[in-house]
4 protein chains.
Amino acid sequence: MSTTEKRHIDPERALVRRKQVLDAAAACFGRSGFHGASMAEISKAAGMSAGHIYNYFDSKDAIIAAFVEQNVERVSQLMRDLEQQADPLQSMVDDAPRHVNEHLDPNTWPLALEISAESARNPKIAEVVHDADVRARLQFRAILKAARERHGLPTDDFTMDGLVEAMICLFQGLDVRVVHNPKLNEPALSRYMSIAMKAMLFS
Amino acid sequence: MSTTEKRHIDPERALVRRKQVLDAAAACFGRSGFHGASMAEISKAAGMSAGHIYNYFDSKDAIIAAFVEQNVERVSQLMRDLEQQADPLQSMVDDAPRHVNEHLDPNTWPLALEISAESARNPKIAEVVHDADVRARLQFRAILKAARERHGLPTDDFTMDGLVEAMICLFQGLDVRVVHNPKLNEPALSRYMSIAMKAMLFS
Amino acid sequence: MSTTEKRHIDPERALVRRKQVLDAAAACFGRSGFHGASMAEISKAAGMSAGHIYNYFDSKDAIIAAFVEQNVERVSQLMRDLEQQADPLQSMVDDAPRHVNEHLDPNTWPLALEISAESARNPKIAEVVHDADVRARLQFRAILKAARERHGLPTDDFTMDGLVEAMICLFQGLDVRVVHNPKLNEPALSRYMSIAMKAMLFS
Amino acid sequence: MSTTEKRHIDPERALVRRKQVLDAAAACFGRSGFHGASMAEISKAAGMSAGHIYNYFDSKDAIIAAFVEQNVERVSQLMRDLEQQADPLQSMVDDAPRHVNEHLDPNTWPLALEISAESARNPKIAEVVHDADVRARLQFRAILKAARERHGLPTDDFTMDGLVEAMICLFQGLDVRVVHNPKLNEPALSRYMSIAMKAMLFS
DNA sequence: CATGAATGAGGATTCATTCAT
DNA sequence: GATGAATGAATCCTCATTCAT
């Protein structure tokens with residue numbers, strides 16, 4: 001649950017070490033998946049002995065959990081960025097190409113599916129993922145609600161529930177799409193993403 | 001590449017046996033994931049010895065591949081159903097609640113994410129998945145194209161590329177959504193799915 | 001708890017295999033102790049792969065438990081032998097040299113202390129050992145009681161409690177003695193064992 | 001063989017440190033056994049870093065050896081106490097309940113079996129234990145011999161060999177008994193211990 | 001065809017020990 | 001003196017795969 005697990009004399013160094021491990025894990029997980037990546041592989045990538053990793057993480061599962069937690073936090077940042085926009089609704093419609101491009105970048109989010117799949121059968125991971133999803137939805141909902149009020153659009157619960165879910169659904173679908181069709185026509189997809197989003201956000 | 005079939009005295013019986021294994025695998029994969037399911041688990045579920053499975057499949061990976069191949073075909077059936085509709089475009093908009101409901105049912109399709117995740121790192125699986133995606137896109141595209149022509153809507157390549165990708169994207173996102181938020185507001189989501197689809201299909 | 005843990009087609013063969021493992025374990029445990037003996041060591045001694053042992057035992061602890069259980073049952077046999085004697089009391093006094101000799105034989109009971117020590121800190125083993133001790137005490141008590149009644153000696157609970165415990169104590173002390181003084185004067189010890197036993201049994 | 005002392009700037013302080021470690025080890029060994037106790041556990045209990053312990057002991061085995069050596073000396077003290085008695089023979093018979101009680105107290109001597117078991121397989125420990133046993137026997141023998149002479153009882157070698165071994169045997173059996181039957185009837189056992197001891201000491 | 005006994009490589013994890021600071 | 005970060009060998013255990021029957 002808590003992020004900092006073990007006591008260390010020099011917490012600064014410990015954090016660096018933890019980050020080393022998580023970065024190494026990211027690479028290995030991307031290459032081999034959570035279960036395909038061995039501790040030996042991770043330790044080599046982290047430049048530290050396998051045994052030593054256990055001074056920073058209780059188990060391989062703890063590494064996976066920490067990795068998921070860390071990655072899942074990235075969404076919050078996206079929300080904060082969105083919040084800064086003058087008109088978040090119009091920004092989203094206009095920035096669709098950029099968002100699509102970011103989502104399709106195989107180096108940024110190759111692990112979204114791994115996380116989702118793992119969460120479907122690992123309760124520990126599911127908890128982390130669900131918590132993060134709750135937070136993201138609340139943030140997103142608040143931003144959308146404020147923006148829609150300014151536009152004089154309805155903001156009742158049913159409306160907001162559907163809007164938030166469908167919008168996120170559209171974006172999360174991107175991670176699946178790029179795996180199924182790595183050569184997809186990005187501009188064309190972006191254009192239709194904009195169309196869908198515009199229809200939803202402004203109705 | 002294509003499933004390597006082994007020589008058997010009675011090919012009929014062999015097919016039955018293969019199906020037994022694949023059905024068992026489906027159950028085990030759903031419970032434990034591709035890597036979490038052991039051959040022992042599968043063989044018990046298949047009612048046949050672990051060793052004997054190797055008379056029908058070269059390896060566990062071959063079972064996974066065959067399983068993916070078989071399940072990925074499922075989409076074709078959906079396409080054929082859609083083709084039968086008088087007005088496919090309107091049907092899709094109207095049937096959104098049903099489609100959403102089916103996608104969200106954890107008993108129907110719990111393995112979509114597992115397959116996608118595996119395909120992201122296993123080239124053998126990737127090939128199967130990509131091939132299936134190509135076929136599904138072509139079918140879907142043809143259906144949409146014919147329908148849009150009847151509605152007098154544009155059907156140029158760029159338009160069709162974007163429409164097909166975005167529509168599939170929306171549906172594939174559902175598999176992710178339900179894992180991240182198992183308690184999502186289904187009617188609300190369906191309504192916004194309809195809105196998005198209507199905007200895309202008729203523009 | 002139950003002795004037979006796993007299902008096998010040929011229970012006969014399985015029993016042989018289990019015995020192979022337990023015999024090998026006996027040798028290794030004697031050489032290196034419960035914790036010093038590795039599964040690799042045991043598997044080599046058993047003439048079977050380490051992995052295969054797990055088809056017959058759930059864990060190393062299960063091997064230890066089975067080993068303890070098996071060895072602890074030996075006491076029952078001693079009781080049955082004793083029961084056959086015409087005058088158990090006099091037999092025990094007279095047979096002291098033989099019993100001492102058996103207890104001191106480093107090949108028969110080198111592991112009694114290992115078992116006792118393990119039971120002092122492993123609850124699973126403690127349970128097995130305590131159960132066996134209860135059974136042995138009850139058997140021994142019944143035999144002594146019947147014999148003492150025939151001799152017209154008191155058999156009240158306090159008397160029987162003390163007699164049983166003190167007699168067993170004397171014998172279990174032998175296992176410790178031989179470790180602390182492997183060259184002890186056996187006939188001399190036997191004689192004093194007889195003296196002590198005679199005093200207790202007939203008073 | 002004899003404890004290898006390391007050179008230290010302040011030998012006084014070094015001794016204090018060694019004692020810290022041995023006291024900590026006593027607690028840990030009692031809790032987890034010699035092999036179950038880790039250096040980390042011991043170092044935490046000793047309030048000193050794991051690495052630092054190696055300035056005072058060559059290895060974990062050296063700690064075990066030192067611990068055994070230290071604890072094995074305890075018996076000498078008992079002998080000295082016994083020597084002070086006016087009539088050691090009668091004292092032993094009369095004090096049986098107290099001795100039994102002390103032996104059965106799990107806080108006083110929980111490690112006797114651990115030491116005996118270790119000595120059965122670790123030659124280094126065996127040597128320490130054998131030496132201590134020799135010394136204890138000699139002391140005990142001398143005390144008994146003097147007392148028996150005063151009572152006009154025989155004191156030939158064979159007699160003394162048997163008496164000494166059987167008496168120690170009876171007491172060492174207590175450590176085993178209490179592990180096998182923690183709820184044993186202490187007063188009843190004491191009474192029969194007295195009976196046995198009286199018979200041996202005065203015959 | 002069918003079994004499941006058997007293998008052995010590879011997995012995560014632990015822990016005594018070393019060493020730079 | 002004293003620390004604890006770091007190592008790496010060893011441990012228990014799992015599991016895909018083979019093969020005699």
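Per chain, numbering begins at 1; letters A, B, ... match sequence-line order.
- Distance CG (A/L15) to C1' (F/dA5): 16 Å, rounded to an integer number of Å.
- Here F/dA16 presents its C1' atom at 13 Å from CG of B/D58, a figure rounded to the nearest Å.
- Taking atom NZ of residue B/K60 and atom C1' of nucleotide F/dC15, one finds them 8 Å apart after rounding to whole Å.
- Residue-to-nucleotide proximity on DNA chain E shows that, of D/A37 and C/D10, the 5′-proximal contact is made by C/D10.
- A heavy atom lying under 4.0 Å from DNA chain F marks the following residues of residues 44-55 of chain C, by number: C/G51, C/Y54.
- A straight line from CD1 of A/I42 to C1' of E/dG10 spans 15 Å, rounded to a whole angstrom.
- The backbone N or O of B/S119 sits nowhere less than 3.5 Å from a side-chain atom of B/K124 that would complete a donor-acceptor pair.
- Distance, A/I63 CD1 to E/dG11 C1': 14 Å, rounded to whole Å.
- At whole-Å resolution of the value, CG in B/D61 and P in F/dC15 are 16 Å apart.
- A/A14 comes within contact range of no nucleotide atom at all, as no heavy-atom separation falls under 4.0 Å.
- Comparing A/R17 and C/A40 against DNA chain F, the residue whose closest nucleotide sits nearer the 5' end is A/R17.
- Between A/H35 and B/H35, the angle of the ring planes stays under 30°, which puts this pair in the parallel group of the 30/60° scheme.
- A straight line from NE2 of B/H35 to P of E/dG10 spans 16 Å, rounded to a whole angstrom.
- In this structure, A/H8 reaches the F/dA5 phosphate: one of its side-chain N or O atoms is under 4.0 Å from OP1 or OP2.
- Comparing E/dC1, F/dT11, F/dA6 by their nearest atom to the side chain of B/Y56 picks out E/dC1.
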Reading 5' to 3' and counting Watson-Crick or G-U wobble pairs with both distances under 3.5 Å, write the dot-bracket notation for DNA chain F, | for bases paired outside the strand. .||||||||||||||||||||
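- Using modelled atom types, one side-chain atom of A/E114 and one backbone atom of A/F34 make a donor-acceptor pair closer than 3.5 Å.
- Rounded to the nearest 0.5 Å, atoms CD1 (D/I63) and SG (D/C28) are 9.5 Å apart.
- Atom CE of A/M39 and atom P of F/dA9 are 17 Å apart (whole Å).
- At least one side-chain heavy atom of A/R18 sits less than 4.5 Å from a side-chain heavy atom of A/F57.
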Identify every side-chain donor-acceptor pair in residues 42-49 of chain C under 3.5 Å, counting partners at least two apart or on other chains, and give the distances.
from, atom 1, to, atom 2, distance (Å)
C/S43, OG, C/M39, O, 3.4
C/S43, OG, C/A40, O, 2.9
C/S49, OG, C/H52, N, 3.1

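- Using a 4.0 Å cut-off, no side-chain N or O of A/R13 falls inside it from OP1 or OP2 of E/dT21.
- Ring centers of C/H8 and C/Y56: under 6.0 Å apart, within the cut-off.
- Without hydrogens or angle criteria, C/Q70 side chain to C/L22 main chain gives no donor-acceptor distance under 3.5 Å.
- When side chains are defined from C-beta on, A/N71 does not count as touching A/L111, because their heavy atoms never get closer than 4.5 Å.
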